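Bear in mind the structure is a predicted one, so any value in this text is a computation, not a measurement. Quick note: residue numbers are just sequence positions, from 1.
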Amino acid sequence: MSASSSAAEPVTGRVAQADALLCADRQFGDSAAIGERNLARFRLGLTMLARHDDEAADVLRATAGASDDHLRPLLYDPVLRNCFEVDLARLESGELGHSSFGAHVVGHTDAPSSMGPCEALTRPHGLAWPGLGDAWVLTEPAPHGDAQEMLADRLMELYRDALGGGPATRPVDPTDDVRAVLREGAELLATLLPAAGAGVLEHVTMVGFAHRESEEGPLQSMSGGDPLPSTVLLAPERCTSPWLAAESLLHEGAHLKLFDALRTGSVVRNATERVPIPWRIGSWTVIRVFVALHFYVHLLVFRAAATAADDAVRRRFGTPPPAEDLDEPSPGTPAALNGRYRTSAERARYLAECVLSLPEEALTENGHRFARWLLTALRLVDDDAPPPRDPASATAPRTRPEQPRVLPDGALQRIAPVDACALPGLGQLVVSPARTSRMHWLNARSWTVYSLCDGRDLDALHTAYARAAGLPADSQEVGRQVSDSVRSLVTAGLVAQDT
């Protein structure tokens, strides 16, 4: 039985509001919009790679020009996504050489079905949660032919590296019972949180089962990130009950969703800035604070939904287990000494306060939006959480990155050549100058200004932009929007001014 046919009534009240809110933001919550941006990034990245690898240029350009339905299984294939990200990092650092993606995609570009190349290696093939998404369960690969052999070798290499194991580390073949509980866990998640729960499942391509011992104890669950993209790895013991499986899938699926969202929009200006964490030795980067807060908000919404679960849910999936305290703080930390920060709510509140205490200039425009969105959702399920900052009360950054000077005279001209991909439905353009191989995401305002930089001077640009935006040409708002956009475009190397 799928979640959609469950007899359970939908969640109501503040939990339902939080569930809907977690999928409402177009940048961070809307999986369809996140997917559309990632496909655009994929097309543009393949085009950029083709400029620098003559040997693989044909297959890279052909892949970039494929339909969305053809591209999607390639983008979210664990091996091909890893190859793509490695290639982009090498391209940006000037160390590309030959495209790893180009080498591994050969022989897999003509597959007519929605099945990805790695998925086609599995025998027997099995979907993780039929009816809720296309994720599949990893088993020992059974390749046929050289192209599949290369893919299978890379998949197992990535699997071993993700677990920190040696050559003997192999996937655990799940029993029928484990597979059944995995499916029930996904259905429970989508039943409790019809928007956010079902949404995170869309970002999972492969589910693998594994055993691993480390200094931190046995593996419970993990998400792949760059080393093993679009992947959730679970200990089989996490599938002893639907509730345990559902919480694990929410945890790791939320990480994968955020990973996809952050690929197309940075939230922090200083990636090395750190924040003290009282339950851990050392400190975390600001982005890690956001990642943890993102998970805790989802977890608290899930637990609130579990508490409110009706009789139909409890009859089908069993009684929700009592919410467990988190693992003990690291020995010697302030939390270990004072007994605080042992629950998800305590940790979420602390991380929220950390975000609120950051100076304005620490976050990008996306970062401030991200913070408001998360804290608004958190307040719906935790009255003691700090409220989000009112955008109207934000002060101007105390320090700004040095901005280029834009003269009133002199032609403003777009740099060429560039590679670009437009997303008109989202009001965004992603563009990369060939000489820098870096992607820049323009919003509707910057996109409009960019399109008008065709040799006009600043006064003519103001007039044309005001006409396009439907604003008075002499308004302060037009001046601010044009000035900010032009400076950003010049800084990014997308526009130059002849003096």
Side-chain angles (χ1 to χ4, degrees), residues 11 13-25 28-29 192-193 196-197 200 247 250-252 254-255 257-258 261-262 267-268 273-308 320-360 362-363 366-391 393-394:
V11 291
R14 298 180 75 182
V15 174
Q17 293 177 48
D19 176 45
L21 180 61
L22 288 176
C23 288
D25 187 272
F28 302 106
L192 283 181
L193 302 177
V200 300
E247 188 170 305
L250 177 67
H251 182 171
E252 307 306 344
H255 285 332
K257 182 175 180 177
L258 183 56
L262 293 180
V267 295
V268 299
E273 186 171 354
R274 304 188 74 85
V275 172
I277 302 298
W279 59 90
R280 291 289 180 259
I281 296 172
S283 57
W284 288 354
T285 61
V286 173
I287 190 61
R288 186 174 176 186
V289 168
F290 270 126
V291 169
L293 180 59
H294 180 260
F295 158 63
Y296 282 131
V297 171
H298 281 76
L299 179 62
L300 290 171
V301 173
F302 172 82
R303 288 183 173 170
T307 300
E324 297 179 1
D325 284 350
L326 297 174
D327 56 355
E328 288 296 312
S330 299
T333 59
L337 298 175
N338 62 28
R340 298 178 63 195
Y341 304 117
R342 281 170 164 77
T343 68
S344 299
E346 287 179 308
R347 294 185 179 185
R349 292 170 201 148
Y350 176 83
L351 296 173
E353 294 286 3
C354 288
V355 169
L356 291 170
S357 68
L358 292 169
E360 290 287 321
L363 303 181
N366 270 336
H368 288 291
R369 173 179 177 173
F370 188 36
R372 288 192 296 270
W373 170 67
L374 275 182
L375 297 189
T376 300
L378 179 59
R379 286 277 291 182
L380 286 169
V381 293
D382 182 6
D383 291 333
D384 294 325
R389 183 183 289 138
D390 183 355
S393 67

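Pairs engaging residues 331-341 under the salt bridge (Lys or Arg N to Asp or Glu O under 4.0 Å) rule: none recorded [sequence neighbours left out].
The shortest non-hydrogen separation linking Thr376 to Pro388 is OG1-CG, 3.5 Å. Between Val15 and Ala305, the closest heavy-atom pair is CG1-CB, 3.6 Å. Between Val381 and Ala18, the shortest heavy-atom distance links the atoms CG1-CB, 4.3 Å. Smallest separation of non-hydrogen atoms from Glu353 and Pro386: OE2-CB, 3.6 Å. Here the closest non-hydrogen pair linking Ser357 and Cys354 is OG-O, 2.8 Å.
Looking only at side-chain heavy atoms (C-beta outward), Glu247 and Pro320 stay at 4.5 Å or farther from each other. Counting heavy atoms from C-beta outward, Phe295 and Ser344 have side chains that stay 4.5 Å or more apart. Using a 4.5 Å heavy-atom threshold, the side chains of Phe28 and Leu22 count as separate. In this structure the side chain of Val355 never reaches within 4.5 angstrom of the side chain of Phe370, judged on heavy atoms. Using a 4.5 Å heavy-atom threshold, the side chains of Leu375 and Leu356 count as touching.
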Per-pair distances, 0.1 Å, donor-acceptor, side chain in residues 286-293, under 3.5 Å, sequence neighbours excluded:
none

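The side-chain hydrogen bond (donor to acceptor under 3.5 Å, both in side chains) search around His294 returns none, not counting sequence neighbours. Partners of Glu252 by salt bridge (Lys or Arg N to Asp or Glu O under 4.0 Å), not counting sequence neighbours: none found. Contacts of Arg369 classified as salt bridge (Lys or Arg N to Asp or Glu O under 4.0 Å), with partners at least two apart in sequence or in another chain: Asp25. For Ala345, the side-chain contact (heavy atoms from CB on, under 4.5 Å) criterion is met by Leu300, Thr343, Arg349, Asp382, not counting sequence neighbours. Residues satisfying the side-chain hydrogen bond (donor to acceptor under 3.5 Å, both in side chains) test with His251, not counting sequence neighbours, are His255. With sequence neighbours excluded, the residues satisfying side-chain contact (heavy atoms from CB on, under 4.5 Å) with Thr333 are Ile281, Pro329, Ser330, Ala335, Ala336. Applying the side-chain hydrogen bond (donor to acceptor under 3.5 Å, both in side chains) criterion to Arg379, with sequence neighbours excluded, gives no partner residue. Residues meeting the side-chain hydrogen bond (donor to acceptor under 3.5 Å, both in side chains) test with Asp383, sequence neighbours left out: Arg14.
Considering OH of Tyr341 and CD of Glu346, their distance stands at 7.5 Å, rounded to 0.5 Å. Considering CZ of Arg347 and CZ of Arg280, their distance stands at 5.0 Å, rounded to 0.5 Å. To the nearest 0.5 Å, atom CG of residue Leu378 and atom CH2 of residue Trp373 are 12.0 Å apart.
Side-chain atoms of Asn366 never come within 3.5 Å of backbone atoms of Val267 as a donor-acceptor pair (strictly under, hydrogens ignored).
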Please step through side chain to side chain contact (heavy atoms under 4.5 Å, CB included) for the pair Ile277 and Leu351, ending with a clear verdict.
-> CA-CA 9 Å; Ile277 302 298; Leu351 296 173; 4.0 Å; yes
